[in-house]
Amino acid sequence: MPRYRPHVAVRPSWRCRVCGAAWPCSPARLSLLGEYRENRAALLIYLGTLMYDAMADLADLNAQPTPEALTNRFLTWARARDQS
């Protein structure tokens, strides 16, 4: 049976070590949502810190995504959804 490999970011490229997608990839997002299911605010603080680090790393690589793109990549998906 295959061993689980966590989908973590490789710095400074911020690509997933396992699947190569832009991190946080879908499996990483699911894992983070599960890990922080009781504290969405802590998840957003954690992701905001990582987004800040990614912004600096990517700038050093001359790959400067817009602030909007980084916000969507790191934060928007993790916000709590309306319960309407």
Side-chain angles (χ1 to χ4, degrees):
M1 186 157 90
R3 188 175 63 129
Y4 174 75
R5 294 175 33 204
H7 289 254
V8 295
V10 175
R11 293 179 72 173
S13 67
W14 288 89
R15 307 293 294 181
C16 176
R17 182 178 306 279
V18 175
C19 66
W23 194 91
C25 58
S26 292
R29 290 176 182 193
L30 287 173
S31 177
L32 288 164
L33 285 171
E35 185 177 342
Y36 287 90
R37 70 182 157 271
E38 300 297 326
N39 193 344
R40 188 65 62 100
L43 173 60
L44 290 167
I45 292 167
Y46 174 66
L47 290 170
T49 302
L50 294 177
M51 182 181 75
Y52 181 81
D53 290 346
M55 189 180 318
D57 287 345
L58 294 171
D60 288 344
L61 295 176
N62 291 323
Q64 298 179 8
T66 65
E68 180 182 11
L70 282 174
T71 300
N72 287 335
R73 179 174 166 180
F74 281 87
L75 298 174
T76 301
W77 65 269
R79 291 185 9 224
R81 297 176 190 222
D82 291 333
Q83 301 297 320
S84 305

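Quick caveat: nothing in here was measured; it's all calculated off a predicted structure.
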Side chain to side chain donor-acceptor pair (under 3.5 Å) contacts in which one or both residues fall within residues 53-64, not counting sequence neighbours:
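Pairs touching residues 53-64 that pass the test: R11-D57, W14-D57.
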Nearest 0.5 Å, what's the CG-OG1 distance between L47 and T71?
11.5 Å
Not counting sequence neighbours, which residues clear side chain to side chain donor-acceptor pair (under 3.5 Å) with R40? List them please.
none
By side chain to side chain donor-acceptor pair (under 3.5 Å), T76 pairs with (sequence neighbours left out) N72
Check for me, please, whether [X] and [Y] land in the same ILVMFWY cluster - side-chain distances under 4.5 Å, paths through other members count.
| X | Y | value |
| --- | --- | --- |
| L43 | I45 | no |
| L50 | W77 | yes |
| F74 | V8 | no |

Apply side-chain contact (heavy atoms from CB on, under 4.5 Å) to P67 and list each qualifying residue two or more places apart in sequence or on a separate chain.
none
Under the side-chain contact (heavy atoms from CB on, under 4.5 Å) test, residues paired with A21 that sit two or more places apart:
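Counting only residues at least two positions away or on another chain, A21 forms a side-chain contact (heavy atoms from CB on, under 4.5 Å) with C19, C25.
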Under the ring pair (Phe, Tyr, Trp, His ring centres under 6.0 Å) definition, can you give me all pairs with a residue in residues 17-44, not counting sequence neighbours?
Y36-Y46
Give the minimum heavy-atom separation between H7 and C16, together with the two atoms involved.
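That closest heavy-atom pairing would be ND1-SG, 3.2 Å.
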Nearest heavy-atom neighbours spanning R29 and R73
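In this case the closest contact between R29 and R73 is NH2-O, 3.3 Å.
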Do M55 and P65 come close enough that some side-chain heavy atom pair is under 4.5 Å?
no
So do the side chains of V18 and P27 get within less than 4.5 Å of each other, counting heavy atoms only?
no
